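The structure appears below as structure tokens.
Because the structure is a prediction, the values reported are computed rather than measured.
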Amino acid sequence: MALARRRPVCLLALISVVAASFLAAPAAAAGKTGQVTVFWGRNKDEGSLREACDSGRYTMVTMSFLDVFGRGNNYHLDLSGHDLSAIGADIKHCQFVGVPVSLSIGGYGTGYSLPSNRSALDLFDHLWNSYFGGSKPGVRRPFGDAWLDGVDLFLEHGTPADRYDVLALELAKHNIRGGPGKPLHLTATVRCAYPPAAHVGRALATGIFERVHVRIYEGDDKACNVYGAWQDAWDKWTAAYPATRFYIGLTADQNSYQWIHPKNVFYGVAPVVQKKDNYGGIMLWDRYFDKKSDDYGSLIKNYA
């Protein structure tokens, strides 16, 4: 893989500086875990869900996104043109080979909100009956009788009034299971900057999230695109929620200014993040870019 990729000076600086240098919290530094979560569903050319699970690169796949909710009985699942009729069987296959499949809600659009307790409970009801163990007349199950393994909150937009805390608590209160004998994985995918936006922080304050993915690749996340900033943010995130596992979020898009060469992941990023007691693994954005890269995800898994 070529080293000659353009990257902002600030990213090169922070990498060189670094190179120089479920809910129970572990007692010692985690070290390598081998855990890699990948986002799938953002490009039809990324291949099938089954193919992603069979690649051997990932220990969990997160489908994205349920991108419309909270506005009456209006819900929309956007998987970028993938054939929904085939996904149910793929979910079961992934689960059979030991790769859980989660659903991320929110995303980069603006078609979602949870402005009241009622809207949060309605979303819970929709998730339970559409994707997990429930059933309700008139509610479509896009993946048939396949049950997912988790819910991820990817909340790029929101207000302090949004009640994602109510949604999270409802998931916990009902002790939902993603499948027979398997607890639901409740996760959040957040921007690097700490503290988080109010609507995200309110949800995380419930203390019931299994893990959080901290994205350090967003080009417009200026708070983390300056010298040493992502390391400082990582320290704050992991200290604020010691009972939550933290995954460092990387992009597999080699044309992104925020892409980090595998050598720099090995020498610069991994040694820093793995010092934390509650380090969990690596999150990759996304399957499409990873597939185009040929071997990025395979190398990253070795370092995770």
Side-chain angles (χ1 to χ4, degrees), residues 22-39 58-62 64 100-106 114 120 124 127 148-156 158 162-178 182-218 221 223-224 230-250 269-270 272-285 304:
F22 264 126
L23 290 179
K32 290 173 65 174
T33 64
Q35 298 296 303
V36 177
T37 290
V38 70
F39 274 77
Y58 320 118
T59 54
M60 188 168 191
V61 177
T62 300
S64 56
V101 181
S102 182
L103 175 64
S104 189
I105 68 170
L114 283 185
F124 162 80
L127 291 170
L148 294 177
D149 296 288
V151 174
D152 175 74
L153 273 56
F154 194 115
L155 306 176
E156 279 292 278
D162 281 329
R163 300 312 307 267
Y164 293 99
D165 57 324
V166 173
L167 173 64
L169 289 168
E170 195 69 13
L171 293 171
K173 185 173 72 175
H174 283 74
N175 193 25
I176 298 179
R177 297 188 176 275
K182 296 184 297 184
L184 180 143
H185 301 280
L186 182 58
T187 68
T189 300
V190 301
R191 281 181 170 259
C192 170
Y194 185 89
H199 62 291
V200 176
R202 190 175 190 176
L204 294 176
T206 61
I208 58 176
F209 282 76
E210 176 186 324
R211 69 174 184 258
V212 171
H213 313 128
V214 179
R215 290 143 46 210
I216 65 170
Y217 56 81
E218 297 289 358
D221 197 351
C224 283
W230 78 259
Q231 301 98 310
D232 181 60
W234 179 259
D235 288 345
K236 291 176 179 177
W237 276 111
T238 52
Y241 306 98
T244 298
R245 289 284 185 178
F246 279 83
Y247 285 50
I248 194 74
L250 307 177
V269 177
V272 171
V273 297
Q274 290 170 7
K275 289 179 181 179
K276 296 302 179 182
D277 295 349
N278 49 346
Y279 165 75
I282 291 175
M283 182 222 94
L284 277 185
W285 183 271

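- Of all the heavy atoms in Val214 and Phe246, the pair that sits closest is CG2-CD2, 3.7 Å.
- Atom CG in Leu284 sits 11.5 Å away from atom CD1 in Ile248 (nearest 0.5 Å).
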Task: Verdict with supporting geometry, Leu184 and Asp149, side-chain contact (heavy atoms from CB on, under 4.5 Å) - done: CA-CA 5 Å; Leu184 180 143; Asp149 296 288; over 6 Å; no

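- The CG atom of Leu204 lies 10.5 Å from the CG atom of Asp165; values are rounded to the nearest 0.5 Å.
- Residues Gln35 and Gly280 come closest through the heavy atom pair CB-O, 3.4 Å.
- Aromatic ring centroids of Tyr279 and Tyr247 lie 6.0 Å or more apart.
- Distance NZ/Lys276 to CH2/Trp237: 14.5 Å, rounded to 0.5 Å.
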Task: Stepwise side-chain contact (heavy atoms from CB on, under 4.5 Å) test for Val151 and Leu103 - done: CA-CA 5 Å; Val151 174; Leu103 175 64; 5.6 Å; no

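- The side-chain heavy atoms of Ile282 and Thr37, taken from C-beta on, include no pair separated by under 4.5 Å.
- To the nearest 0.5 Å, atoms SG (Cys192) and OH (Tyr217) are separated by 11.5 Å.
- Taking CZ from Arg245 and CZ from Arg211, the interatomic distance works out to 11.0 Å, rounded to the nearest 0.5 Å.
- Minimum heavy-atom separation, Cys224 to Ala233: SG-CB, 3.9 Å.
- Panel note: side chain Asn278, backbone Ala243; no donor-acceptor pair is recorded below 3.5 Å.
- A pairwise comparison of heavy atoms in Ala168 and Thr206 identifies CB-OG1, 4.3 Å as the closest pair.
- Salt bridge status for Arg215 with Glu156: present, with a side-chain N to carboxylate O gap under 4.0 Å.
- Side-chain contact check for Thr187 versus Leu153: every heavy-atom pair is 4.5 Å or farther apart.
- Counting heavy atoms from C-beta on, the side chains of Met60 and Ser102 come closer than 4.5 Å.
- Contact between Trp230 and Ile216 at its shortest, heavy atoms only, is CB-CG2, 4.0 Å.
- Once rounded to the nearest 0.5 Å, the distance linking CG of Leu127 with CG of Leu171 reads 7.0 Å.
- A tilted orientation is assigned to the rings of His199 and Tyr164, their planes being inclined by 30° to 60°.
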Task: Criterion side chain to side chain donor-acceptor pair (under 3.5 Å) on Thr189 and Asp152, from CA distance to verdict - done: CA-CA 7 Å; Thr189 300; Asp152 175 74; 3.0 Å; yes

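- Contact annotation: the side chain of Ser104 approaches that of Phe39 to within less than 4.5 Å [non-hydrogen atoms, C-beta and beyond].
- When every heavy atom of Ala304 is checked against every heavy atom of Gln274, the shortest pair comes out as O-NE2, 3.5 Å.
- A 4.5 Å side-chain heavy-atom check between Leu250 and Trp285 finds every atom pair outside the cut-off.
- One finds no salt bridge joining Asp162 and Arg202 here, because no Lys/Arg side-chain nitrogen approaches an Asp/Glu carboxylate oxygen to under 4.0 Å.
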